[in-house]
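Each remark here refers to the structure printed beneath this line.
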Amino acid sequence: MRTPCLRSAGAAAVLVTAVFLAGCSGAGGAGGGEPELGPVEVDPQTATLSLPMDAYTDTEAERIRMGQVQQALISRCMARYGFGYEGVKSAEARGGGTEDRHRYLFGLADPVYAAAHGYDKSAGEGTPPKPPAPQLSDSAYVVMNGEQPGVRGGKIPDAKSEEEAAQVDSGLTAAGQKVPAGGCAREAYRKLYAPTKDSVDLLFTFGLASEAHDRSKQDSRVVKVLEKWSACMDKSGYSGIDTPYDVVEKLGLEGDKGGPKAVTVAKADVACKREVNLVGVWAAVEKAYQERLVEEHAQTLALYKAQREARFKLAASLG
């Protein structure tokens with residue numbers, strides 16, 4: 001049920017009301033036109049934003065855990081053929097409280113971060129070196145990848161799901177056993193993400209979120225707030241910038257995203273976002289489009305959610 005359109009009192013609510021009413025006057029119906037908006041927050045922190053697709057998206061810690069589970073499944077598969085495999089060590093989840101999964105959805109929005117680091121997204125975190133993949137003997141390579149070493153361009157027998165893999169012959173054997181289609185690497189992926197024929201593609205929810213974002217960028221309310229932000233940036237001395245995603249490239253900041261010039265620009269960028277309530281408006285529009293897509297794909301998303309929960313149970317069973 002949509003929140004009814006109400007007039008708000010107070011200077012801080014003027015922009016909220018104006019945008020809210022604009023949303024209520026649109027076409028708004030499901031499936032076509034611009035959707036109605038719920039409440040539009042004023043300058044919300046991205047860490048506090050909650051979007052419908054979040055319910056179907058893994059957190060950073062969950063993504064890391066799923067990576068560990070996949071490596072554990074590979075190790076178990078390799079052990080069936082007499083090979084020890086420790087797996088690739090996963091990164092550790094970053095500490096520091098609540099994960100800000102929407103930090104850069106609408107471009108840089110944190111004034112404190114902007115003043116300290118400009119557009120350098122990796123500042124203060126460091127980039128740990130990627131651990132090398134374990135070295136494999138030729139025979140272990142066959143079991144891992146389901147193909148002979150040095151083979152290029154050939155089509156490897158594979159299956160979309162573990163259920164279907166039972167009917168696919170890899171044409172390879174090791175330790176007197178058939179090597180699974182695609183090797184242990186593919187078997188582990190299928191067991192985790194595609195155990196049955198009706199398994200929903202892992203990228204399905206990512207695709208829906210991307211579609212909602214693409215639609216939001218064309219929405220008249222987002223177009224209008226971007227025009228206001230661009231005008232504000234122009235007054236700040238940075239002309240010809242249409243969206244927050246263009247700032248670094250248009251102003252030639254790629255070589256030093258955390259330098260003094262980048263910090264100065266970033267501070268103006270965030271200040272202009274706050275002046276026109278860009279994050280508040282865009283987040284409300286984004287949420288509306290996500291809600292529409294969630295409703296349109298309710299059956300598939302329910303299946304995806306059940307399968308995601310099954311992955312978590314599998315992870316728990318592996319310890």
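Only this structure's heavy atoms are used, side chains among them; waters, hydrogens and symmetry mates stay out. In this text, all values refer to a predicted model and were calculated from it rather than measured experimentally.
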Under 3.5 Å side-chain donor-acceptor pair for Asp100 and Thr46: yes
Closest non-hydrogen atom pair, Gly107 against Pro244: CA-CB, 4.1 Å
Set of side-chain hydrogen bond (donor to acceptor under 3.5 Å, both in side chains) partners for His102, sequence neighbours left out: Asp54
Heavy-atom donor-acceptor pair, Asn145 side chain to Glu147 backbone, under 3.5 Å: no
Which residues share a side-chain hydrogen bond (donor to acceptor under 3.5 Å, both in side chains) with Tyr304, sequence neighbours left out: none
Ring pair (Phe, Tyr, Trp, His ring centres under 6.0 Å) against Phe106, all qualifying residues, sequence neighbours excluded: Trp282
Interatomic spacing from CD in Glu187 to CD in Gln70 - rounded to 0.5 Å: 11.5 Å
Stacked cation flag Arg103 on Tyr113, 6.0 angstrom / 45 deg: yes
Partner residues of Phe206 under the ring pair (Phe, Tyr, Trp, His ring centres under 6.0 Å) criterion, sequence neighbours left out: none
Gap between atom CZ of Phe83 and atom OG of Ser139 - 0.5 Å precision: 3.5 Å
Partner set under ring pair (Phe, Tyr, Trp, His ring centres under 6.0 Å) for Tyr104, not counting sequence neighbours: none
Heavy-atom pair with the smallest gap, counting every atom of Asp58 and Met66: OD2-CG, 4.0 Å
Under 3.5 Å: donor-acceptor pair, side chain of Glu162, backbone of Tyr189: no
Non-hydrogen atoms of Val285 and Ser216 that approach each other most closely: CG1-CB, 4.0 Å
Test side-chain hydrogen bond (donor to acceptor under 3.5 Å, both in side chains) applied to Asp246 - qualifying residues, sequence neighbours left out: Thr243
Exercise: identify the closest heavy-atom pair between Met78 and Ala140: CE-O, 3.7 Å
Derivation and outcome, side-chain hydrogen bond (donor to acceptor under 3.5 Å, both in side chains), residues Asp219 and Tyr289: CA-CA 10 Å; Asp219 188 278; Tyr289 281 103; 2.7 Å; yes
Salt-bridge contact Lys313-Glu309 (side-chain N to carboxylate O under 4.0 Å): no
Salt-bridge present (Glu62, Arg311; N to O < 4.0 Å): no
Gln148 and Tyr141: side chain donor to acceptor below 3.5 Å: no
From OG (Ser161) to CD (Glu164), nearest 0.5 Å: 3.5 Å
Spatial distance of atom OH (Tyr56) from atom CZ (Arg308) [nearest 0.5 Å]: 10.0 Å
Minimum-distance pair of heavy atoms, taken over all atoms of Met233 and Cys272: N-SG, 3.5 Å
Interatomic spacing from CG in Asp256 to CG in Asp120 - rounded to 0.5 Å: 8.5 Å
Shortest non-hydrogen contact between Val168 and Ala181, atoms and distance: CG1-CB, 3.7 Å
Shared hydrophobic cluster, Leu293 / Leu49 (ILVMFWY, side-chain heavy atoms < 4.5 Å): no
Val270, Asp43, Asp269 screened by side-chain contact (heavy atoms from CB on, under 4.5 Å) with Pro111, the one that passes: Val270
